[in-house]
Amino acid sequence: MEKVFEGFLGGRKIFANRDALRPDFIPDRFPHREEQLRRVAGIVAPVLAGQRGSNLFVYGQTGTGKTAIVRFVLGQLEAKARAKYANAITCYVNCRVAGTEYRVLAGLGKSLGVSVPFTGLATAEVLSRFRGSLEEQRSFLVAALDEVDSLVKIHGDVLLYQLTRINETLKEGRLSIIGISNDLRFKERLDPRVLSSLSEEELVFKPYTAPEIRDILYDRAKSAFNAGALEDSAVGLCAAEAAGEHGDARRALDLLRVAGEVAEREGSDKVSDIHVRIAEKKIEEDRVSTVLGSMPLHSKFVLWSSYLASNAGVDAAVTGDLYEVYVELCKESGVEPLTQRRVSSLINELDLLGLVNARVVSLGRYGRTKKVKLSVADGQIARVYKDDPWINALAGYVPRCLSKT
DNA sequence: CGTCCACAGGAATGACGGGCGG
DNA sequence: CCGCCCGTCATTCCTGTGGACG
């Protein structure tokens, strides 16, 4: 322990400011996004002069700088408004994190000082409180709704419709909306009225190229790392890795940060390629064990079924087989199994989490089903679930329907 | 070329825990 | 405390369907 502490205190440190690499860090420079920055700023600026800004729709894949740019501009706007005594307020809500219309509205309300219990009220009531407060305070609110697509996918566009129309019923105060989405096709799900209102202005963030990501990394590394603590090739590797995905700068930054942490723990004084390679593995493992650990019981059983099937030599189990195994596991554990319909949904959720690969196939005469393959190293699943009480109770249990073959 | 399998996945509905206003 | 409404999870019932088999 002494050694670890000393490593942090004395000697050469790797990091100067590790936070500059964290995903929620908002830098003050945006290499290769100057154009977008200007556009967003130009669109919200009228608010300072007491005019409503246009609604804006921002689209781009993950890690293309949408969120950072918007949050940066909102921050600047708010500061400017304070300095000029303009009644402009900004607000940022991540719809996927919020999860429901209710909580999105609660988040919007919070920026106006409307506090709302976390459940219990009718959604319409929260909306009307929000509207009331906006009117009363005569505020010009710029609200960023991040990952709106996930909200619309689950709850439809009713809330967006109401929000885009709110100005028509306001005598005082105005609302402008910045919608941020990863999914461009999501526009197809929108009511045309909502779409035209929401995308008065549109802005697309293209994926970064590898050289662009390298510039970003160097820019951040200047403040994040101590001089000489970072090898050029390591930066190049992170950039190449992330560009290979889809130009995801966030992934590149993550990679670089974790690589730095690995190097630090090793006690080396430089971050090099090998640390990036280790970081890559570690990030994936962390992600998997986090989801695995926090999964509901039945999802664990479904995943475990898939694990057992692949261990028994089944390359890609179909829903029905998996369900059979799952039911046996439940019986063995004394748990009431869920219906196949529900399990089918759970499989889809596991697919979304990237733990499993499920795709619908038609076996012709033999029906139409999903083929489910484990998409995580099975050793890791076994390792994480070694300590899980429910799964542990099933250790060594081989379901009958699998032992036949 | 039609049938028919084995599900997919949408819609309606219900149980449940939680918070509200009165 | 009550009656009401909420979101979440799950069930039930349902219609839809790609393509191998006969």
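Every heavy atom of this structure was used, including side-chain atoms; hydrogens, water molecules and symmetry mates were not. Proteins come first, then strands; the chains are lettered A, B, ... in the order of their sequence lines, and each starts at number 1.
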Base-contact (B) and sugar-phosphate-only (S) positions in nucleotides 14-22 of chain C, heavy-atom cut-off under 4.0 Å, - elsewhere:
--BBBBBS-
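- For the pair A/Asp321 CG and B/dC7 C1', the computed distance is 12 Å after rounding to whole Å.
- In this structure, A/Lys371 atom NZ and B/dA8 atom C1' are separated by 16 Å, rounded to whole Å.
- Contact check, A/Lys370 against B/dA6: no side-chain N or O comes under 4.0 Å of OP1 or OP2.
- Summarising the geometry, the separation between CD1 on A/Ile347 and C1' on B/dG9 is reported as 13 Å, rounded to the nearest angstrom.
- Computed from coordinates, the A/Leu322 CG to B/dA8 P distance equals 10 Å when rounded to whole Å.
- Taking the six-membered ring where the residue is Trp, A/His298 and A/Tyr326 present tilted rings, their angle falling between 30° and 60°.
- Looking at A/Asn357 and A/Lys371, their side chains never bring a donor and an acceptor atom within 3.5 Å of each other.
- Between the side chains of A/Glu78 and A/Thr90, at least one donor N or O sits under 3.5 Å from an acceptor N or O.
- Near DNA chain B, meaning a heavy atom under 4.0 Å from it, residues 326-344 of chain A has A/Gln340, A/Arg341, A/Ser344 in order of number.
- Judged by distance alone, the side chains of A/Asn392 and A/Tyr385 never bring a donor and an acceptor atom under 3.5 Å apart.
- Between A/Leu105 atom CG and C/dC5 atom P the separation is 19 Å, expressed in whole Å.
- Side-chain atoms of A/Glu261 and A/His275 include no donor-acceptor pair closer than 3.5 Å.
- Side chain to side chain, A/His246 and A/Thr62 meet the donor-acceptor criterion of an N or O pair below 3.5 Å.
- A donor-acceptor contact closer than 3.5 angstrom links the side chains of A/Asp232 and A/Tyr218.
- Looking at A/Arg18 and A/Glu264, a side-chain N of the basic residue comes within less than 4.0 Å of a carboxylate O on the acidic one, giving a salt bridge.
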